[in-house]
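Scroll down for the structure; my scribbles are underneath it.
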Amino acid sequence: MDLPSTSSQSTLQTIAVVGLGTMGTGIAEVLAQAGREVIGIDISDTATRRATAALAAATARSVTRERLTEQEREGVLARFRTFTELSAAADADLVIEVVPEDYELKQRLFRELDAIVRPDTILATGTNALSVTRLAAESQRPERVLGLHFFNPAPAMKLVEVVSCVLTAPPAVEAVTALARELGKEPVSVGDRPGFVADGLLFGYLNQAAAMYESKYASREDIDAAMRLGCGLPMGPLALLDLIGVDTARTVLEAMYASSGDRLHAPAPILGQLAEAGLTGQKSGRGFYTYEEPGSSTIVRDAQTPLDGARLGEGRPVTSVGVAGSGTMASGIAQVFAQAGFAVVLAARSQEKADAAKAAIGKSLGRAVSKGRLTEENAAQTLDRITPAGSLDAFADVDLAVEAVAEDLAVKQELFAAFDKICKPGAVLATTTSSLPVIACARATTRPQDVIGMHFFNPAPAMKLVEVVRTVLTSDDVHATVREICTKVRKHPVDCGDRAGFIVNALLFPYLNNAVKMVEQHYASLDDIDAAMRLGGGYPMGPFELLDVVGLDVSLAIEKVLHKEFRDPGLAPSPLLEHLVAAGCLGRKTGRGFREYARR
């Protein structure tokens with residue numbers, strides 16, 4: 001059988017889109033804007049009219065924004081024709097189906113298309129959850145069947161996953177990949193497995209967030225704020241589930257679990273409960289959140305919404321803060337408190353180290369001045385509020401003592417034992433640990449009720465999030481004190497319990513680990529996975545870029561803690577990550593991690 005040649009841009013000129021819902025309409029718009037003849041097919045007259053109106057509105061906006069001329073707009077509209085009969089696809093070079101995620105429906109469609117289209121026509125499924133191989137096997141010519149997974153909204157999202165299976169002929173993949181590039185998209189070639197790259201990584205993360213909420217570990221608002229502010233994501237996971245559709249997410253996860261057997265992919269029960277109740281997210285008007293009306297993205301108050309300005313009770317007065325440590329995190333936290341007007345004692349193991357840490361803060365403030373973020377006067381006042389000390393004895397009168405030393409439990413416990421002896425009665429004692437049990441630090445003191453976790457994110461002056469980690473022994477007024485202080489230093493506090501990873505790391509590192517497993521299994525390349533998550537998931541960095549920045553040794557340590565705490569086989573660190581750490585390839589700091597970097 002002859003498949004289309006890829007030597008010319010005119011290869012795939014007439015394209016049928018079957019299924020004119022939101023995704024199908026978006027794909028049709030992209031194709032028509034790129035000069036293709038588009039045949040839009042849907043069994044519903046209402047859907048075809050809605051798609052035509054949507055394209056007219058989208059192109060009108062483009063004219064208003066001077067992205068199209070009126071003449072170009074007329075050409076785009078003329079290239080889009082709608083039909084309710086599948087026979088309209090007879091002359092198509094490529095057919096893209098985006099009908100609902102149902103095997104029987106898609107298989108029936110492919111069988112019908114076999115009898116309608118030319119022998120050289122490529123058939124593409126837009127599925128993100130079903131097996132392309134299984135769908136291809138139903139076709140009389142499986143070599144021309146592949147997956148073409150656009151992301152929503154199709155006109156804006158750059159990523160397109162081109163999915164081939166063992167039956168797909170390479171020329172078909174090449175033709176569709178060339179088309180994606182001509183559409184201005186970034187095609188990523190992947191094999192056939194549920195979720196492919198982007199959704200394969202994304203939905204596992206979303207599932208864990210749903211399970212975290214279901215366990216009442218953290219509120220929906222705190223989970224979403226933590227991932228937005230801690231990871232720079234455009235949306236929190238629960239809001240994203242509502243946007244995608246809770247029922248859709250459950251379908252994708254069911255397919256992933258059937259393929260992988262990984263408990264991390266087994267849909268959280270709450271997804272099934274919401275879906276069965278018809279609470280499918282924005283499209284129904286209620287999911288994890290409640291919306292103004294079905295189809296609206298405007299969240300409205302419901303019974304779970306926190307009261308505005310609600311107080312947790314009276315906190316303790318805090319005017320002076322002690323920060324223990326001399327590294328980047330300690331210096332950053334000291335700067336944060338000093339900029340907010342607190343008197344700060346910065347204590348290190350020697351006066352020399354403490355002075356060097358204060359000098360580092362001076363340089364940081366200088367950079368802020370040069371960028372116009374701070375006046376020279378404010379910078380000088382901030383620096384004046386910081387007193388460097390070579391001993392913890394300087395913490396005798398502080399109201400809040402914060403440790404920011406190495407992630408070593410024995411070191412931290414020794415430090416808290418010293419706090420217990422030196423700090424005055426009533427002082428709040430806080431640890432910035434990201435992975436160790438806060439209660440273990442508290443038990444090193446005679447006053448565990450005064451101990452709490454304050455997990456700042458690096459760089460502390462820039463990152464807005466603080467995870468406030470309360471143990472079973474932390475007193476109410478200590479919790480209230482730290483929440484108030486976070487607000488005073490212009491940080492966003494989120495509450496969570498004392499368990500491994502807290503919110504951010506517990507959701508972030510399994511996702512990173514799964515990305516490493518994809519490479520380990522030769523499913524996709526580093527570059528393709530990073531591109532997929534940046535372009536398809538809205539992540540500021542791809543997983544391998546992030547791992548190299550964080551440090552592979554740090555990442556491995558956190559993954560080991562998560563695996564030990566939750567005992568889930570799916571959380572076991574990837575052997576590839578362990579091998580790289582053993583080889584001393586720790587990321588940017590050593591010049592080599594998953595990628596190589598020029599040494600400075």
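If you're wondering where the values come from, they're calculated on a predicted model, not measured in any experiment. Throughout, numbering of the chain's residues begins at 1 and tracks the sequence.
Within the 3.5 Å criterion, the main-chain N or O of I270 finds a donor-acceptor partner in the side chain of E214. No donor-acceptor distance shorter than 3.5 angstrom exists from the side chain of T25 to the backbone of T22, with no hydrogens or angles considered. Judged purely by atom type and a 3.5 angstrom limit, D530 has no side-chain atom pairing as donor or acceptor with the backbone of M533. At least one donor-acceptor pair closer than 3.5 Å links the side chain of D192 to the backbone N or O of T133. In this structure, E545 contributes its side chain and G542 its backbone to a donor-acceptor pair below 3.5 Å. Judged by distance alone, with hydrogens and angles left aside, the side-chain atoms of T290 form no donor-acceptor pair with the main-chain N or O of R286 at under 3.5 Å. Listed for the T168 side chain is a donor-acceptor partner under 3.5 Å among the backbone atoms of V145. Using a distance-only test at 3.5 Å, with no hydrogens or angles considered, no donor-acceptor pair links the side chain of N514 to the main chain of L201. A donor-acceptor contact shorter than 3.5 Å is absent between the side chain of E74 and the backbone of Q71. Counting only distance, with no hydrogens or angles, the side chain of K491 and the backbone of M463 share a donor-acceptor pair below 3.5 Å.
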For the pair Q13 and E37, evaluate side chain to side chain contact (heavy atoms under 4.5 Å, CB included) and give the outcome as yes or no after the intermediate values.
CA-CA 6 Å; Q13 281 299 307; E37 294 293 327; 5.9 Å; no
Stepwise side chain to side chain contact (heavy atoms under 4.5 Å, CB included) check, L512 with L546:
CA-CA 9 Å; L512 295 175; L546 182 56; 4.2 Å; yes
I'd like to know whether V98 forms a side chain to side chain contact (heavy atoms under 4.5 Å, CB included) with V18, so could you lay out the CA-CA distance, the side-chain angles of the two residues, the decisive distance to 0.1 Å, and finally the verdict.
CA-CA 6 Å; V98 274; V18 183; over 6 Å; no
Verdict with reasoning, F456 to L465, per side chain to side chain contact (heavy atoms under 4.5 Å, CB included):
CA-CA 7 Å; F456 286 80; L465 182 69; over 6 Å; no
Tell me, with the steps shown, if R220 and T305 meet side chain to side chain donor-acceptor pair (under 3.5 Å).
CA-CA 9 Å; R220 60 189 181 182; T305 306; 3.2 Å; yes
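The residues E182 and R36 are annotated as salt-bridged, a charged nitrogen and a carboxylate oxygen being separated by less than 4.0 angstrom. Classification of E520 and K517 as a salt-bridged pair fails, no side-chain N sitting under 4.0 Å from a carboxylate O. Between R193 and D199 there is no salt bridge, since no side-chain N of the basic residue sits under 4.0 Å from a carboxylate O of the acidic one.
Residue I122 holds its CD1 atom at 10.0 Å from CZ of R144, rounded to the nearest 0.5 Å. Atom CG of residue L109 and atom CD of residue E138 lie 12.0 Å apart, to the nearest 0.5 angstrom. Note that OG of S219 is 11.5 Å distant from CE of M212, once rounded to the nearest 0.5 Å. A distance of 6.5 Å separates OG in S189 from CG in D528, rounded to the nearest 0.5 Å. Remark: H265 NE2 to Q208 CD distance equals 8.0 Å, nearest 0.5 Å. From I503, atom CD1 reaches atom CG of D222 across 5.5 Å, with rounding to the nearest 0.5 Å.
Using a 4.5 Å heavy-atom threshold, the side chains of L148 and V160 count as touching. Using a 4.5 Å heavy-atom cutoff, the side chains of L86 and I116 are in contact. Contact of the V504 side chain with the C231 side chain is registered, since non-hydrogen atoms from C-beta on lie closer than 4.5 Å. Taking 4.5 Å as the limit, every side-chain heavy atom of F151 sits out of range of all side-chain heavy atoms of N128. At least one side-chain heavy atom of V38 sits under 4.5 Å from a side-chain heavy atom of L31. The shortest distance between side-chain heavy atoms of C486 and H492 does not fall below 4.5 Å.
Heavy atoms of other residues, nucleotides or ligands lying less than 6.0 angstrom from CD1 of I43 number 12 at most. By the 6.0 Å contact criterion, CZ on R373 is open, its count of non-hydrogen atoms from other residues, nucleotides or ligands being 12 or less. The number of heavy atoms from other shown groups lying within 6.0 Å of CG (N152) is above 12.
Judged as a side-chain hydrogen bond (donor to acceptor under 3.5 Å, both in side chains), and not counting sequence neighbours, the contacts of D242 are Y291. Not a single ring pair (Phe, Tyr, Trp, His ring centres under 6.0 Å) links Y523 to another residue, sequence neighbours left out. Contacts of R50 classified as side-chain hydrogen bond (donor to acceptor under 3.5 Å, both in side chains), with partners at least two apart in sequence or in another chain: none. By the ring pair (Phe, Tyr, Trp, His ring centres under 6.0 Å) test, Y511 pairs with Y539, sequence neighbours left out. Residues satisfying the salt bridge (Lys or Arg N to Asp or Glu O under 4.0 Å) test with E186, not counting sequence neighbours, are none. Taking F196 as the reference, H149 meet the ring pair (Phe, Tyr, Trp, His ring centres under 6.0 Å) condition, with sequence neighbours excluded. Applying the side-chain hydrogen bond (donor to acceptor under 3.5 Å, both in side chains) criterion to D224, with sequence neighbours excluded, gives Y289. When the salt bridge (Lys or Arg N to Asp or Glu O under 4.0 Å) test is applied to R118, the partners found at least two apart in sequence or on another chain are D93, D120. F288 pairs by the ring pair (Phe, Tyr, Trp, His ring centres under 6.0 Å) definition with Y213, not counting sequence neighbours.
Sequence neighbours left out, the pairs with a member in residues 97-107 that pass side chain to side chain donor-acceptor pair (under 3.5 Å) are E97-K106, E97-T125, E101-K106, E101-T127. Note on residues 26-35: no pairs pass side chain to side chain donor-acceptor pair (under 3.5 Å), not counting sequence neighbours.
Smallest separation of non-hydrogen atoms from P540 and L233: CD-CD2, 4.2 Å. When all heavy atoms of L241 and A210 are compared, the closest pair comes out as CD1-CB, 4.2 Å. For N207 against A268, the heavy-atom pair with the smallest separation is OD1-N, 2.8 Å. Nearest approach of S525 to V519, heavy atoms of both residues: C-CG2, 4.4 Å. The minimum heavy-atom distance linking A266 with Y257 is given by the pair N-CD1, 3.7 Å. Of all non-hydrogen atoms in V173 and S164, the two that sit nearest each other are CG2-CB, 3.7 Å.
Side chain to side chain, R67 and S62 fail the donor-acceptor criterion of an N or O pair below 3.5 Å. Side-chain atoms of N513 and S574 include no donor-acceptor pair closer than 3.5 Å. No side-chain donor-acceptor contact under 3.5 Å links T84 and D42.
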What side-chain donor-acceptor pairs closer than 3.5 Å can you find for residues 249-256, not counting sequence neighbours?
residue	atom	partner	partner atom	Å
R250	NH1	E276	OE2	3.1
T251	OG1	D247	O	3.1

